[in-house]
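Quick notes on the structure that follows.
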Amino acid sequence: MKLNLKKLAFVPLAVAFLSVPVVAKQAVETAELTFKNIVVYVDGQVVDTTEAEPFIYNGTTYFPLRTVAEALGKEVNWVGETNTVYLGAMPSVYVETDTLLEDMYSYNNTYSKIQHTQKGADNKNNSYSTGAIFTCVGSGSDYVNSAEYSLNGKYSTFSGTLAVPYVERNSQKSRVVNFYGDGKLLYTSSEFLKDSDPEPFEIDISDVAVFQIKTTGTGSIGIYDAMFYAK
C-alpha cells in the first residue's frame, strides 16, 4: 500500500472495539472500524504500530499519525488550545496578538545560544524590560549565523533596540545584524563594536510569512524590548 500522508489521522487506540465513539468536526459519531492486522512499511522497514493499530473506516485506511510521521523523520506536536497537529517545524504564532521576540519559537537556528533576559543592560548601561541575546558561533568578521520565525503574515511591524550586551562592553568583536522577510532584506544595522551606541529600529513586516534574523561577525548582540505587532 502506498503511504498517503493526506489520509493519516491521529486516533489513539488501546484495544480493538467493534463500535467506538469517534470525535470529528466537533461532533461525536459511532463508527464501524475494521482491524485486519495491517502492516506498515517505511523505506522497507516495518513501523511498530502496537500502541495504536491501523484500521479501515468507510474504505479508507487510517494510521497512527505520530508513529508513522516519526518513522518518516518528522517531529509531531499537538497544540490543545487550537486543536492543531504540527508535523516538523512548529509555527511560533497561534493567535493574532502582539508578541515579544523572546516568546517566539525559532527554527533553522545556527546560533550557539539565544538567551532570553529580563531587565537586561547594554554596554552604555541602558536598562531594558526584556531582551534576547544572540550569541554567534565561529570566528571571523564574515561568519554568519541566523534564526527563522514563522509569522504567517499576521504582523504589521517589528520594533525594538539593537545593542551590545553589557557583558561584552570590553569585547573587540564586531557584528552586523540583518532582518529578512521571505528572503528579502528589510533592514541592515550599523556595525556594532564595544563602544557602539544602541540602535532603535522599526520595520514593516506586513504579510511576511518567514522572518529571519541574520548576524554577520562574532560575539553577542542584544535585541531588547523587541515586539512583533499584530495587524
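Note that this is a predicted model, so its numbers are computed, not measured.
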Exercise: do [X] and [Y] side chains pair donor with acceptor under 3.5 Å:
X	Y	answer
Ser150	Tyr107	yes
Tyr187	Asn178	no
Glu191	Ser174	yes

Treating [X] as the side-chain partner and [Y] as the backbone partner, does any N or O pair qualify as donor plus acceptor under 3.5 Å?
X	Y	answer
Glu168	Gly219	no
Asp182	Val210	yes
Thr110	Ser146	yes
Ser171	Lys173	yes

task = May I ask you to decide whether Asp98 forms a salt bridge with Lys231, counting only side-chain N to carboxylate O separations under 4.0 Å?
result =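 Salt bridge between Asp98 and Lys231, a charged N being under 4.0 Å from a carboxylate O: no.
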request  = May I ask you to check whether Phe158 and Phe201 place their ring centres under 6.0 Å from each other?
outcome  =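 Ring-ring flag for Phe201/Phe158: true, centres closer than 6.0 Å.
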ask   = How about Phe211 and Phe228: are their ring centroids closer than 6.0 Å?
value =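 When the ring centroids of Phe211 and Phe228 are compared, they turn out to be within the sub-6.0 Å range.
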Other residues, nucleotides, ligands: >12 heavy atoms within 6.0 Å of Lys124 NZ =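 Correct, the count exceeds 12.
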[Y] and [X], any side-chain heavy atoms less than 4.5 Å apart:
X	Y	answer
Tyr128	Thr161	yes
Ser159	Tyr229	yes
Tyr224	Thr130	no

key: Those residues that, when tested against Lys194, pass salt bridge (Lys or Arg N to Asp or Glu O under 4.0 Å) (two or more places apart)   =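 Per chain and number, Lys194 pairs via salt bridge (Lys or Arg N to Asp or Glu O under 4.0 Å) with no residue.
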request  = State which residues pass salt bridge (Lys or Arg N to Asp or Glu O under 4.0 Å) with Asp48; sequence neighbours excluded, sorted by chain then number.
outcome  =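 For Asp48, no residue satisfies salt bridge (Lys or Arg N to Asp or Glu O under 4.0 Å) once neighbours in sequence are set aside.
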ask   = Which atom pair, heavy atoms only, marks the closest approach of Ile114 to Ala132?
value =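 Looking at all heavy atoms of both residues, the shortest contact is CG2-CB, 4.4 Å.
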key: Taking every non-hydrogen atom, the tightest pair across Phe179 and Leu162   =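 Of all heavy-atom pairs spanning Phe179 and Leu162, the closest is CZ-CD2, 4.2 Å.
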Residue list, side chain to side chain contact (heavy atoms under 4.5 Å, CB included) with Val144, at least two apart or on another chain =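 Only Lys214, Thr216 meet the side chain to side chain contact (heavy atoms under 4.5 Å, CB included) criterion with Val144.
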ask   = Given the rule in the side-chain hydrogen bond (donor to acceptor under 3.5 Å, both in side chains) test, do Asn145 and Thr215 qualify, once you have shown the distances and angles that lead to the verdict?
value = CA-CA 5 Å; Asn145 286 267; Thr215 305; over 6 Å; no
